[in-house]
K.L.:
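Just passing along the structure, written as structure tokens.
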Amino acid sequence: MEHLVTGSLLLMLAVVVSGWVGRALPVPVPLPLIQILLGVLVSVFTHEGLGLEPHVFFLFFLPPLLFLDGWRIPKDGLFKDSGTIVELALGLVVFSVIGIGYLVHWMIPAMPLAVAFALAAALSPTDPVAVAAITKRTPLPRRLVHILEGESLLNDATGLVCMRFAVAAVITGSFSAAAAAMNFLWLALGGITIGVGTILLIQVCQDLIARRLGEEPGSKVLIGLLMPFAAYLAAEHLHASGILAAVAAGITMSYLEQSGRALPETRVRRAAVWDMVQFGLNGAMFVLLGEQLPMVGASAAGAMREAGTAEPAMLIAYILVVTLAMIALRFTWVWVSFRFTLFRRRRAGEPAPALGSRLLLATSFAGARGSITLAGIMTLPFLVDGAPFPGRDLAIFIAAGVVILSITLAGVFLPLLLKGLALPPEEGRQRVERRARHAAALAAMDAVERVQHDEHEITQGSVTWLEAAARVSADYRRRIEGIQKTGQEAEELRRAHAIERELRLAALRAERETYFRLGREGKVPDDLVRRLVAEIDHAETRLAAAIGH
């Protein structure tokens, strides 16, 4: 127990240090690579490793990450390019599993075909978080980012479900396509239904408690952290897909969020907590990979020597071949998929912009592997009928190598491919934001007029630095006067401040409700709604804190 606690603390410390190192380096280096290196250093110098059982690893890391992906992904982009996303998330996964599975089995005959398919399935999910860190200075077109995010959301689930079938084939020694199809249908439909139902049930219970007892932000944030685990465990208990349940729960939560039920303070705290959870869990997986890399590498090399199939140095060649093959398969599928999409749009009379080769290559390299691949491959069982799982360490080592190499290649080639690339203008999005802010401001003014009892003259015009300074000084002067006043004067000043706060709160709430309404009506993208609402929440939280003091 003490070893587990110590290892967990070292794990979190390494994640924190990785952020410092990433900011201190003169050359931008992808954060996952720094975290993997720190994990290797922790393992080498402390001889401490945090060993987790596969099912515990799966339960601890995957539900919250998949839930958060589903919650925060922009839904307008998801539905606008749903055809392209499905082609990439489903078709490309199957294409990659078959192609890479047979390639790995051909290169390493000692690895059973089912294990090779399991490795390929674990490698199929992409990691937009790692790519986002790489492309921060040279951003991708927003629409392409939405496609990559939607692809990642769905291929996380499809890839890991495919891996589940492959592992079952290793354990049972047989595979039935008809049984697999029926099983997949139940896994998918059952997982989605259970995920949606779990969140709706929790929300109903929360609303009942809040109406009777009021809302306590800390408790609601904690319940939010437990939601993905509840959906995942409920689905797994009913032999459905816990992965899809977590994704569906996150998407359902994003729609419930637009109802505006939660208090502003709850949303502010919840956003901060989930940002920390995302950073911590993603970083912890990469550090954990680095910790286990020396041991897994030694075991994989030893297994290859015992099998007599190749020299241990060939492990590096296998990683290189698999990585390049996945990029080539992705490029081929992306080219065919996008050409098919453009053909359909031309047939429908819709505008179909030309797609340059640089953008196709960028899309191919943007499919870097990351945390979901690591979480999936680490869940391979240790034993099958009392014997070691065939090729487990070798599969983990190859997967780890592909993750490292794909992130490195993305870090090197994406900035080069995107340098000087003319991105489509974001005028449409800016126009939507201006309209939303205008509508919110009008709603705020109407709310103030409804609440206020006296008419106030609003001076319009430009605000100079002197005028702004005068207003700030006046606020502090009023505060000083309020402190000095006593008796009736102090009571009148307190009442005036209370009226002003009431008007400001009414205005802020009207703005927020306008943003939520525009989001529910589909007039404003939900990621923009989330950002605008966060501004209002922070302003209201500050005002509420001032009232408390």
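Since the structure is predicted, the reported quantities are computational estimates derived from the model, not experimental observations.
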K.L.:
How far apart are the closest heavy atoms of Ala245 and Ala231, and which atoms are they?
P.N.:
CB-O, 3.6 Å
K.L.:
So do the side chains of Leu200 and Thr252 get within less than 4.5 Å of each other, counting heavy atoms only?
P.N.:
yes
K.L.:
Rounded to the nearest 0.5 Å, what separation is found between the CG atom of Leu119 and the CG atom of Leu103?
P.N.:
10.0 Å
K.L.:
Sequence neighbours excluded, which residues qualify as side chain to side chain contact (heavy atoms under 4.5 Å, CB included) partners of Leu226?
P.N.:
none
K.L.:
To the nearest 0.5 Å, what is the distance between CD1 on Ile194 and NE2 on His237?
P.N.:
9.5 Å
K.L.:
Arg369 side chain to Ser406 main-chain N or O, any donor-acceptor pair under 3.5 Å?
P.N.:
no
K.L.:
I need the minimum non-hydrogen distance between Ser124 and Ala121, along with the two atoms involved.
P.N.:
OG-O, 2.6 Å
K.L.:
Mind checking whether Phe286 and Ile407 have side chains closer than 4.5 Å, heavy atoms only?
P.N.:
yes
K.L.:
Would Leu360 and Phe331 satisfy side-chain contact (heavy atoms from CB on, under 4.5 Å), going step by step from the backbone distance to the final call?
P.N.:
CA-CA 7 Å; Leu360 279 173; Phe331 179 85; 3.9 Å; yes
K.L.:
Take Tyr232 and Leu244, measure what side-chain contact (heavy atoms from CB on, under 4.5 Å) needs, and give me the verdict at the end.
P.N.:
CA-CA 8 Å; Tyr232 179 88; Leu244 289 172; over 6 Å; no
K.L.:
Taking C-beta and beyond as the side chain, do Val167 and Pro381 meet within less than 4.5 Å on heavy atoms?
P.N.:
yes
K.L.:
Please name all residues satisfying ring-ring contact (aromatic ring centres under 6.0 Å, His included) with Tyr255, sequence neighbours left out, ordered by chain then number.
P.N.:
none
K.L.:
Where do Val277 and Leu68 land on the side-chain contact (heavy atoms from CB on, under 4.5 Å) test, with the steps shown first?
P.N.:
CA-CA 10 Å; Val277 168; Leu68 191 59; 6.0 Å; no
K.L.:
Using the salt bridge (charged side-chain N to carboxylate O under 4.0 Å, His left out) criterion, which residues pair with Arg512? Sequence neighbours excluded.
P.N.:
Asp537, Glu540
K.L.:
Can you give the donor-acceptor pairs under 3.5 Å from side chains of residues 395-404 to other protein atoms, not counting sequence neighbours?
P.N.:
none

K.L.:
Run the side chain to side chain contact (heavy atoms under 4.5 Å, CB included) test against Leu409 and tell me which residues pass, sequence neighbours left out.
P.N.:
Thr323, Ile327, Phe365, Leu405, Phe413
K.L.:
Please name the pair of heavy atoms, one in Met12 and one in Gly280, separated by the smallest distance, quoted to 0.1 Å.
P.N.:
CE-O, 4.1 Å
K.L.:
Taking all non-hydrogen atoms of both residues, which atom of Ala120 and which atom of Gly101 are closest, and how far apart?
P.N.:
CB-N, 3.7 Å
K.L.:
Give a yes or no on whether the backbone of Gly367 and the side-chain of Thr126 come within a donor-acceptor separation of less than 3.5 Å.
P.N.:
no
K.L.:
Salt-bridge test for Arg267 and Glu257: reply yes if a basic N is under 4.0 Å from a carboxylate O, no otherwise.
P.N.:
no
K.L.:
Going by side-chain hydrogen bond (donor to acceptor under 3.5 Å, both in side chains), name the pairs with one or both residues in residues 18-38, residues two or more places apart or in two chains.
P.N.:
Ser18-Gln35
K.L.:
Measuring from Thr266:OG1 to Ile223:CD1, what's the distance to the nearest 0.5 Å?
P.N.:
10.0 Å
K.L.:
Search all heavy atoms of Ala122 against all heavy atoms of Met163 and return the closest pair with its distance.
P.N.:
CB-SD, 3.8 Å
K.L.:
Is the shortest heavy-atom distance from the side chain of Val533 to the side chain of Phe516 under 4.5 Å?
P.N.:
yes
K.L.:
Got a second to check how far Leu10's CG is from Leu41's CG, nearest 0.5 Å?
P.N.:
12.5 Å
K.L.:
State yes or no: are the ring centers of Trp274 and Phe67 separated by less than 6.0 Å?
P.N.:
yes
K.L.:
His538 versus Val268: any side-chain heavy-atom pair under 4.5 Å?
P.N.:
yes
K.L.:
Which is it for Ile377 and Leu380 under the side-chain contact (heavy atoms from CB on, under 4.5 Å) test, yes or no, and what are the steps along the way?
P.N.:
CA-CA 6 Å; Ile377 200 66; Leu380 289 178; 3.7 Å; yes
K.L.:
Checking Glu291 side chain against Ser43 main chain: does a donor-acceptor pair fall under 3.5 Å?
P.N.:
no
K.L.:
Does any non-hydrogen side-chain atom of Ile100 lie less than 4.5 Å from one of Leu329?
P.N.:
yes
K.L.:
What pairs with Leu90 under side chain to side chain contact (heavy atoms under 4.5 Å, CB included), at least two apart in sequence or on another chain?
P.N.:
Val86, Thr158
K.L.:
So which atom in Ala248 and which in Val196 form the shortest heavy-atom distance, rounded to 0.1 Å?
P.N.:
CB-CG2, 4.1 Å
K.L.:
Just how far is it from atom CG of Leu324 to atom CG of Leu320, taken to the nearest 0.5 Å?
P.N.:
4.5 Å
K.L.:
His239: what forms a side chain to side chain contact (heavy atoms under 4.5 Å, CB included) with it, not counting sequence neighbours?
P.N.:
Trp186
K.L.:
List the residues meeting ring-ring contact (aromatic ring centres under 6.0 Å, His included) with Phe95, not counting sequence neighbours, and say none if there are none.
P.N.:
Trp333
K.L.:
If we only count heavy atoms from C-beta on, is the Val287 to Ile36 side-chain gap below 4.5 Å?
P.N.:
no
K.L.:
Going by side-chain hydrogen bond (donor to acceptor under 3.5 Å, both in side chains), name the residues that satisfy it together with Ser254, two or more places apart in sequence or in a different chain.
P.N.:
Lys75
K.L.:
Using side-chain heavy atoms (C-beta onward) and a distance below 4.5 Å, is Leu315 in contact with Leu394?
P.N.:
yes
K.L.:
From Phe60 CZ over to Leu281 CG, what is the distance, rounded to the nearest 0.5 angstrom?
P.N.:
5.5 Å
K.L.:
Of all residues at least two apart in sequence or in a different chain, which pass the salt bridge (charged side-chain N to carboxylate O under 4.0 Å, His left out) check with Glu265?
P.N.:
Arg269
K.L.:
For residues 315-330, which residue pairs pass the salt bridge (Lys or Arg N to Asp or Glu O under 4.0 Å) check, not counting sequence neighbours?
P.N.:
Glu151-Arg330
